[in-house]
Amino acid sequence: MNREGIPEKVVGILLAAGGGTRFSGPSHKLTAMLRGRPVIDWAVAAASASEVATTIVVTGSVPLELPESVIEIHNPHWEQGQATSLQVGLSAALDLGATAVVVGLGDQPFISARSWTAVAGSSAAIAVATYAGVRGNPVRLHRSVWHLLPSKGDHGARSLISLRPDLVEEVACKGSAADIDTMEDLHQWNSSTNSP
């Protein structure tokens, strides 16, 4: 419910379109195996198990095997930066009648469904997950701020969060916003039995 008591439709957007240029493995980082499952599967499972109404996965540089329960939207302009993928996701969310979105990244496998749900439950214009006091993902964006987001470049909501701190609420979450950017990251998490 928003401040007026009207039920909100919150849609999840998982950004999974980038080229992953820092990853030197034989496959794309999102399809690399992490503890027996592709990296992307962890992020999709968390978003899908949360209380967002629907999960949109924005793809681009590499084909991904995704469950039928999510909506895949291809970004033909993924090489022009993350902002283009966010805009593709927002357009799809608008078509679904969303009043807000919760945005996460496909290369962050340790963000839990609880974090997605906690951020989705905020009534702020912008809500940001924090882990031990450090801001991370996912981020909730009410439709009233979508027009303020960049349409090009490699930043999603980060610049808006910096420019408008008055709109931002922090949501304390458990878990980790660690990402898989390099082969070293992948090896580290595959060799560790500890949860981050």
Side-chain angles (χ1 to χ4, degrees), residues 7-20 23 27-122 126-129 136-143 146 149 154 156-157 171 173 175-181 186 189 196:
E8 290 198 294
K9 182 173 184 179
V10 183
V11 169
I13 299 176
L14 198 58
L15 302 180
F23 191 79
S27 68
H28 190 282
K29 66 179 180 179
L30 295 181
T31 60
M33 298 302 284
L34 174 66
R35 300 178 182 174
R37 297 163 61 188
V39 169
I40 186 64
D41 283 12
W42 295 88
V44 170
S48 298
S50 73
E51 293 182 16
V52 297
T54 308
T55 300
I56 296 165
V57 181
V58 181
T59 59
S61 67
V62 65
L64 299 173
E65 290 187 26
L66 299 169
E68 292 182 7
S69 59
V70 304
I71 297 171
E72 179 181 358
I73 303 291
H74 181 75
N75 175 14
H77 307 294
W78 63 268
E79 289 179 286
Q80 295 177 23
Q82 188 182 90
T84 64
S85 292
L86 179 56
Q87 290 296 333
V88 166
L90 291 174
S91 178
L94 190 62
D95 290 344
L96 292 171
T99 53
V101 294
V102 179
V103 184
L105 303 180
D107 65 355
Q108 293 185 319
F110 304 116
I111 292 175
S112 69
R114 286 183 182 177
S115 296
W116 280 82
T117 297
V119 172
S122 171
I126 304 170
V128 182
N137 288 305
V139 174
R140 180 189 189 275
L141 301 164
H142 186 267
R143 192 163 61 190
W146 293 0
L149 293 161
D154 222 10
V171 179
C173 296
S176 169
D179 55 11
I180 305 294
D181 271 340
L186 186 67
W189 293 117

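Quick note: numbers below take in every heavy atom, side chains included, and nothing from hydrogens, waters or symmetry partners. The structure presented is a predicted model; accordingly, all values stated were derived computationally and were not measured.
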Within this structure, what is the CG-CD1 distance for the pair L64 and I40, rounded to the nearest 0.5 Å? 5.5 Å
Shortest non-hydrogen contact from S176 toward I111: O-CG1, 3.4 Å
Indicate yes or no for a side-chain donor-acceptor contact from S85 to the backbone of A17 under 3.5 Å, with no hydrogens or angles considered. no
Ignoring hydrogens and geometry, is there a side-chain-to-backbone donor-acceptor pair from T117 to A113 under 3.5 Å? yes
Are E8 and R140 close enough for a salt bridge, meaning some N to O gap below 4.0 Å? yes
Can a donor-acceptor pair be found, under 3.5 Å and without considering hydrogens, that links the side chain of S48 to the backbone of A45? no
Look only at the side chain of W116 and the backbone of P138, and say whether a donor-acceptor pair between them is shorter than 3.5 Å. no
Measure the spacing between CZ of R114 and OG of S50 and express it to the nearest 0.5 Å. 13.0 Å
Tightest non-hydrogen contact, residues A93 and W146, listed as CB-CH2, 4.2 Å
Would you say L30 and F23 make side-chain contact, with heavy atoms under 4.5 Å? no
Where the side chain of T99 meets the backbone of K9, is there a donor-acceptor pair that is under 3.5 Å apart? yes
Kindly say whether G18 contributes a backbone atom to a donor-acceptor pair with the side chain of S61 at under 3.5 angstrom? yes
Less than 4.5 Å apart, side chain to side chain, heavy atoms only: is that true for V101 and V10? no
Sequence neighbours excluded - side-chain hydrogen bond (donor to acceptor under 3.5 Å, both in side chains) pairs with any residue from residues 87-98: none
Could you give the distance from OG1 (T31) to CG (D41), rounded to the nearest 0.5 Å? 10.0 Å
At their closest point, which heavy atom of V11 faces which heavy atom of A98, and how far apart are they? CG2-CB, 3.6 Å
For a 4.5 angstrom cut-off between non-hydrogen side-chain atoms, does V58 reach I13? yes
Regarding Q82 and D154, do their side chains bring together a donor and an acceptor under 3.5 Å, going by distance alone? no
With rounding to the nearest 0.5 Å, note down the distance linking CG in L15 to CG in D107. 9.5 Å
Check the pair I126, V128 against side chain to side chain contact (heavy atoms under 4.5 Å, CB included), reporting the backbone distance first and the verdict last. CA-CA 7 Å; I126 304 170; V128 182; 4.2 Å; yes
Donor-acceptor check, side chain of Q108 to backbone of A178, threshold 3.5 angstrom: yes or no? no
Is any side-chain heavy atom of L186 closer than 4.5 Å to one of K29? no
Of all the heavy-atom pairs spanning I56 and G89, show the shortest one and how long it is. CD1-O, 3.9 Å
Just so I know, are the side chains of V171 and C173 near enough to count as touching, which here means a heavy-atom distance under 4.5 Å? yes
Hey, which of V39, L14, T55 is the one that makes side-chain contact (heavy atoms from CB on, under 4.5 Å) with V44? L14
Could you tell me if the side chain of T59 sits less than 4.5 Å from the side chain of I73, heavy atoms only? no
W78 (side chain) donor-acceptor with V62 (main chain) under 3.5 angstrom: no
With a 4.5 Å heavy-atom cut-off, do V57 and I71 have their side chains touching? no
Does S122 reach the main-chain N or O of V119 with its side chain, forming a donor-acceptor pair under 3.5 Å? no
